[in-house]
2 protein chains.
Amino acid sequence: MAYRHQFIADELRAQISTGRIKAGDRLPSEAQLASRYTVSVPTLRNALAVLQGEGLIEKVHGLGNFVRQPFQWITYVGGSRRADAHAAAEAGLRVSVRTVRLKARGILVDLMQVPAGATLVEYRYLSLEGESPHSLSRVYVPSDSARDDDHEGAEPIGGDGLVARLAAPHPPLAEVRERISARLPTNEEAMALRISTALAVLSIERVAVDADGRVVEGALLVLPGDRADAVFTTHHTMNEGRGTEG
Amino acid sequence: MAYRHQFIADELRAQISTGRIKAGDRLPSEAQLASRYTVSVPTLRNALAVLQGEGLIEKVHGLGNFVRQPFQWITYVGGSRRADAHAAAEAGLRVSVRTVRLKARGILVDLMQVPAGATLVEYRYLSLEGESPHSLSRVYVPSDSARDDDHEGAEPIGGDGLVARLAAPHPPLAEVRERISARLPTNEEAMALRISTALAVLSIERVAVDADGRVVEGALLVLPGDRADAVFTTHHTMNEGRGTEG
DNA sequence: GAGTGGTCTAGACCACGAG
DNA sequence: TCGTGGTCTAGACCACTCA
């Protein structure tokens with residue numbers, strides 16, 4: 001039960017974790033590694049696929065295989081809203097934003113509980129740590145509650161306008177519902193986050209509702225599973241603590 | 001940019017979703033499929049790997065590739081405790097339980113905030129839908145707060161003692177913290193849940209704390225990503241609804 | 001153009017499951 | 001024993017990156 005590609009993956013993983021191969025280094029070419037370990041190229045590529053799935057290396061077509069930088073760990077804190085880009089900015093991450101006005105269709109109709117064709121404003125965030133993307137967020141707001149100073153088009157990375165907008169007061173909020181799932185990324189998401197399609201992502205679907213039950217904001221977040229988790233804290237009063245209320 | 005294995009995967013997926021190939025059916029052998037689509041066997045196997053990662057088929061060595069049963073969707077509801085097996089029982093799922101007394105080490109020391117070597121009671125649940133496993137839970141309780149009628153060893157599936165124990169009152173509870181992550185399963189988990197190691201799982205680490213800040217219960221849950229998600233609801237009062245409090 | 005990774009081929013050899 | 005999937009080989013051909 002000792003697979004050759006697993007053995008090679010273990011070897012390379014050890015060399016990476018002990019610093020024998022440093023972050024940012026390029027590995028020898030696949031042909032060179034294959035001959036060093038006396039295996040065929042496809043077998044060696046299987047070994048690299050294991051490391052890629054663990055987020056340890058990054059494959060760049062035409063250039064080679066590179067050891068990835070260790071990541072800053074991101075913890076998503078549940079129960080709040082519109083905090084994603086703001087929290088990322090506080091953590092010293094750069095944030096790129098794109099604002100687009102669009103018509104609700106497909107899953108957005110369910111998410112926002114609006115009729116198909118209703119106008120929504122989409123804010124698309126991509127938080128970056130250096131050159132490597134960290135999280136992908138799509139936040140939706142009904143068009144009538146989007147503020148007048150929201151503008152369409154691209155905004156330069158880390159613009160002050162963004163931070164000001166994020167810090168601005170929001171309409172009263174009654175409830176936040178968050179639905180979490182684990183899956184493999186779509187090709188588009190893997191591309192944007194520059195991760196392997198074999199690396200699991202945490203997918204968060206969030207809806208904020210006001211006191212009248214109207215959806216004030218919806219959000220679709222995608223976080224790479226190798227450097228992100230989500231935390232939720234629920235407070236109980238004393239008499240709630242009994243029985244199985246779930 | 002049209003990969004042959006992706007094309008074949010799309011073809012087979014369509015045949016499965018339209019019922020042309022029914023749940024439980026065996027696919028033609030890999031060699032037969034390869035010749036039908038005029039590709040090599042490794043390429044065809046890549047196509048099957050895609051479907052396996054989506055949880056649509058199950059590969060059985062020596063027998064063939066089988067279409068999996070559609071699953072009952074499981075939603076984990078955050079904020080409660082010890083509800084897992086109880087909720088599963090209510091949903092009509094069978095539950096198998098193993099109770100073991102053990103000493104804290106490794107991550108359990110952090111999880112339960114006890115000194116290394118402290119005695120814990122572990123309840124290990126595996127909820128089942130028919131023959132196919134649904135979720136894997138390990139629940140830990142400090143030994144001193146484990147009740148006297150807890151016994152070690154295996155308990156028959158669906159025993160009444162379990163339901164009675166789950167419905168029993170618990171000590172007062174102040175707070176539940178849940179940490180969610182997405183990852184690929186370990187080989188052990190994939191084996192227990194009978195899923196592909198390429199199928200993402202939702203991993204939930206839950207800690208329940210009493211009014212004195214002591215850890216009353218810890219739990220490690222693993223849910224297959226193709227049939228499970230988690231939901232959290234946070235209520236806000238009116239004056240909490242302003243600003244970015246996350 | 002030289003070197004790299006990405007996809008695919010055709011087939012060998014082994015391990016597993018059932019008759 | 002036979003058919004099945006699991007791993008691996010040796011190499012072709014293409015696409016990408018950079019000098």
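These numbers were taken from a predicted model, which means no experiment stands behind them. Note on naming: letters A, B, ... go to the chains in the order of the sequence lines (proteins, then strands), and numbering restarts at 1 for each one.
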If you only use heavy atoms from C-beta on, which nucleotide in [options] is closest to the side chain of [X]?
X	options	result
B/Ser40	C/dT9, D/dT7, D/dT4	C/dT9
A/Glu30	C/dT9, C/dG6, D/dA10	C/dG6
A/Ser29	C/dC8, C/dT4, C/dG6	C/dT4
B/Leu63	C/dG17, D/dT17, D/dC8	C/dG17

Euclidean distance, atom [atom1] of residue [X] to atom [atom2] of [N] [Å, nearest integer]:
X	N	atom1	atom2	value
B/His61	C/dC16	NE2	C1'	4 Å
B/Asn46	D/dG6	CG	C1'	13 Å
B/Glu58	D/dT4	CD	P	18 Å
A/Arg26	D/dC18	CZ	P	12 Å
A/Gln32	C/dG3	CD	C1'	10 Å
B/Phe66	D/dG3	CZ	C1'	12 Å
A/Leu44	D/dC8	CG	P	11 Å
B/Arg4	D/dA12	CZ	C1'	14 Å

SB check B/Glu58 B/Arg194 (cutoff 4.0 Å): yes
Are A/Glu11 and A/Arg36 close enough for a salt bridge, meaning some N to O gap below 4.0 Å? no
Answer yes or no: does a side-chain N or O of [X] lie under 4.0 Å from OP1 or OP2 of [N]?
X	N	result
B/Arg45	D/dG6	yes
B/His5	C/dC8	yes
B/Thr43	C/dT9	yes

Do you know the tightest heavy-atom contact between A/Ile57 and A/Ile16?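 So the two residues come closest at CG2-CD1, 3.9 Å.
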With sugar-phosphate meaning primed atoms plus P, OP1 and OP2, does [X] contact a base, only sugar-phosphate, or nothing at under 4.0 Å between heavy atoms?
X	answer
B/Asn65	sugar-phosphate
A/Val60	sugar-phosphate
B/Val39	sugar-phosphate

B/Tyr76 and B/Arg206: side-chain donor and acceptor closer than 3.5 Å?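 Judged by distance alone, the side chains do pair up.
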Working for side-chain contact (heavy atoms from CB on, under 4.5 Å), residues B/Arg13 and B/Leu51: CA-CA 7 Å; B/Arg13 192 187 302 107; B/Leu51 301 179; 3.9 Å; yes
